Amino acid sequence: LPNDLRGALFRNEFEVYYQPVIDAKTARPCGAEALVRWRHPVEGLISPDRFIWLAEESGLMEPLGEWILERACSDALSWPENIKVAVNISAAQFRTGNLFDVILCVLAESGLPPERLELEITESMLLQNKESYGVVIQQLKNIGISIVLDDFGTGYCSLSYLTRFSFDKVKIDKSFTKGLSNRADCAAVVASVLTLARGLDMVVTAEGVETKQQFQLLRAAGVNQVQGYLFGRPVPLAELDFSALEQQWQAEEA
Ligand code: C2E
Ligand code: CA
Ligand code: CA
């Protein structure tokens, strides 16, 4: 794979899939997360867990990350205006020091309003170089982009990060969603994240929602947004159908 990866961007082998995000209160779609895939000529569709780290180590993550941002922003323009797009940002993109300029460029070229873009970063990324990353995060927030803390609760989880970087949103990791119905510790984590988020004025998304029971529990607990196979798997742009999703869940609610 490492050898194949080098030319994959040039050969146009990457694809961006989208997974819908649902507003928990209204059960209406409110966003979609961009998730990259690699269509390998021999191996078929390869999941990001298998190549993102390789791309980071080989220096490809910077151009690949930029390509994903361009794709996601231009795809999102075709969606209803209330639907935001979330893009995962790798540590490698932060390290270059020009992430802010890259994003300004991508927004200008695509025409997507910054208010419709969310950037997802993980805790582990913040451990590396707090000062300069904080500056970039603030610059991005200043122009209206939302910053999301992904996989919350799985990393080092220093609560001081939450106050230092003032995130707009936290995503509760799917491992907690999974244990919600049968593990008291998972329910306790979800409840305390919600308390924390309320105090810090952050939106809370739960990911990995696979059952109606999980959805009900999260909703009752006060989670703002939900995402998971229950609502839809990540799909290519052409298969993303917000109005079908809306109809389906309005019917479920009735
Ligand atoms: P992530 O950001 O936490 O993304 C959520 C992952 O959970 C996705 O896996 C998604 O397909 C999966 N998922 C969604 N709903 C469910 C569910 O109900 N149950 C279960 N079991 N899983 C669910 P995916 O697409 O394989 O991506 C894996 C990871 O790769 C992502 O985790 C993210 O860290 C990274 N990644 C994906 N796309 C990108 C990208 O464009 N850039 C960067 N830097 N990283 C990416
Ligand atoms: Ca994510
Ligand atoms: Ca996640």
Side-chain angles (χ1 to χ4, degrees), residues 5 8-9 13-22 31-39 44-73 75-76 84-96 99 102-103 106 117-125 128 146-155 157 167-181 193 203-215 217-218 223 225-237 239-240 245:
L5 192 65
L9 187 59
E13 290 173 2
F14 293 105
E15 294 176 16
V16 179
Y17 277 39
Y18 296 96
Q19 182 177 39
V21 179
I22 306 298
E33 179 176 6
L35 295 156
V36 70
R37 270 91 183 100
W38 177 14
R39 192 165 299 276
L45 207 61
I46 302 181
S47 79
D49 285 330
R50 278 183 68 200
F51 65 84
I52 289 286
W53 67 275
L54 255 175
E56 280 176 343
E57 283 185 0
S58 61
L60 186 75
M61 199 55 231
E62 206 193 324
L64 175 59
E66 192 171 336
W67 179 84
I68 295 164
L69 272 164
E70 283 167 4
R71 180 86 276 157
C73 289
D75 286 350
K84 294 187 175 194
V85 63
V87 181
N88 293 284
I89 299 295
S90 143
Q93 291 170 275
F94 263 95
R95 229 175 282 127
T96 59
L99 181 63
V102 165
I103 287 172
V106 170
L117 178 62
E118 299 182 330
L119 301 177
E120 299 194 358
I121 63 178
T122 57
E123 281 167 349
S124 54
M125 200 177 298
Q128 303 174 12
S146 301
I147 307 293
V148 183
L149 184 58
D150 202 354
D151 302 341
F152 187 66
T154 58
C157 200
F167 293 99
D168 299 285
K169 187 193 280 193
V170 284
K171 281 185 114 169
I172 298 177
D173 188 70
K174 48 181 172 283
S175 56
F176 300 112
T177 303
K178 196 168 189 230
L180 206 56
S181 56
V193 171
V203 170
V204 177
T205 301
E207 52 178 28
V209 182
E210 296 183 355
T211 67
K212 281 192 184 156
Q213 191 198 14
Q214 288 168 343
F215 178 33
L217 289 170
L218 290 162
V223 164
Q225 298 174 350
V226 283
Q227 183 181 351
Y229 296 163
L230 176 66
F231 306 98
R233 289 182 178 255
V235 290
L237 178 70
E239 287 169 40
L240 192 65
L245 199 62

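No experiment lies behind these values; they were computed from the predicted model shown. Order of appearance sets the numbers: ligands from 1, and atoms from 1 within every ligand.
The two residues Val204 and Val223 have their closest heavy-atom pair at O-CG1, 3.5 Å.
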Taking it one step at a time, do Ile52 and Val36 satisfy side-chain contact (heavy atoms from CB on, under 4.5 Å)?
CA-CA 9 Å; Ile52 289 286; Val36 70; 3.9 Å; yes
Decide yes or no on side-chain contact (heavy atoms from CB on, under 4.5 Å) for Leu245 and Ile22, but give the supporting numbers first.
CA-CA 9 Å; Leu245 199 62; Ile22 306 298; 3.5 Å; yes
Stepwise, does the side-chain contact (heavy atoms from CB on, under 4.5 Å) test hold for Ile121 with Phe94?
CA-CA 10 Å; Ile121 63 178; Phe94 263 95; 3.6 Å; yes
Stepwise side-chain contact (heavy atoms from CB on, under 4.5 Å) check, Leu119 with Leu69:
CA-CA 10 Å; Leu119 301 177; Leu69 272 164; 4.1 Å; yes
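In this structure, the side chain of Glu70 does not engage the main chain of Trp67 through any donor-acceptor pair within 3.5 Å. In this structure, Gln214 contributes its side chain and Thr211 its backbone to a donor-acceptor pair below 3.5 Å.
Between Glu33 and Lys171, at least one side-chain nitrogen of the basic residue sits less than 4.0 Å from a carboxylate oxygen of the acidic one, meeting the salt-bridge criterion.
Inclusion of Gln93 in the set of residues having an N or O under 3.5 Å from an N or O of ligand 1 is not warranted. Geometrically, ligand 1 and Ser47 share no nitrogen or oxygen pair separated by less than 3.5 Å. Of the polar atoms of Lys174, at least one N or O is found under 3.5 Å from an N or O of ligand 1, judged by distance alone. Considering backbone and side-chain atoms together, Tyr229 places an N or O closer than 3.5 Å to an N or O of ligand 1.
With 3.0 Å as the limit, Asn88 counts as an N, O or S neighbour of the Ca ion (ligand 2).
For atom 25 (O) of ligand 1, the nearest protein heavy atom lies under 4.0 Å away. Under the 4.0 angstrom criterion, atom 42 (N) of ligand 1 counts as having a protein heavy-atom contact.
With the Ca ion (ligand 3) as the vertex, atom OD1 of Asp151 and atom OE2 of Glu207 span an angle of 110° (nearest 10 degrees).
No side-chain donor from either of Ser146 and Glu118 sits under 3.5 Å from a side-chain acceptor of the other. In this structure, a donor-acceptor pair under 3.5 Å is present between the side chains of Ser175 and Asp173.
By the 4.0 Å heavy-atom criterion, Arg37 is counted among the residues contacting ligand 1. Contact analysis puts Glu33 in contact with ligand 1, with a non-hydrogen atom separation below 4.0 angstrom.
Contact atoms of ligand 1 toward Glu207: 3 (O) (distance under 4.0 Å to a heavy atom of the residue). Set against the non-hydrogen atoms of Ser90, the atoms of ligand 1 under 4.0 Å away are 44 (N).
Here the heavy atom of the protein found nearest to atom 36 (N) of ligand 1 is Pro48 CB, 3.8 Å. The shortest contact between atom 1 (P) of ligand 1 and any protein heavy atom is with Asp150 OD2, 4.0 Å. The shortest contact between atom 34 (O) of ligand 1 and any protein heavy atom is with Asn88 OD1, 4.8 Å. Taking atom 15 (N) of ligand 1 as the reference point, the nearest protein heavy-atom neighbour is Gln19 NE2, 2.9 Å. In terms of protein heavy atoms, atom 28 (C) of ligand 1 is closest to Asp49 OD1, 3.4 Å. Considering only non-hydrogen protein atoms, atom 20 (C) of ligand 1 sits nearest to Glu210 OE2, 3.3 Å. Here the protein heavy atom with the shortest distance to atom 39 (C) of ligand 1 is Val36 CG1, 3.7 Å.
Shortest distance from the Ca ion (ligand 2) to Glu120 is reached at OE1 (N/O/S atoms only). Asp150 has its closest N, O or S atom to the Ca ion (ligand 3) at the position named OD1. Nearest N, O or S atom of Glu33 to the Ca ion (ligand 2): atom OE2.
No close placement of the Phe167 and Phe152 rings is indicated, their centers lying 6.0 Å or farther apart.
Separating the CZ atom in Arg233 from the CD atom in Glu210 is a distance of 7.5 Å, to the nearest 0.5 Å. Put simply, CD on Glu62 and CG on Leu99 are 9.5 Å apart, with the number rounded to the nearest 0.5 Å. Residue Glu120 holds its CD atom at 7.0 Å from NZ of Lys169, rounded to the nearest 0.5 Å. Remark: Gln93 CD to Leu64 CG distance equals 8.0 Å, nearest 0.5 Å.
The residue from Leu35, Val209, Asp173 that puts a heavy atom closest to atom 10 (C) of ligand 1 is Leu35. Residue nearest to atom 3 (O) of ligand 1, selected from Asp151, Thr154, Thr177, Val87: Asp151 (by heavy-atom distance).
Here Pro234 has side-chain heavy atoms under 4.0 Å from ligand 1, and that is the only part of it that gets that close.
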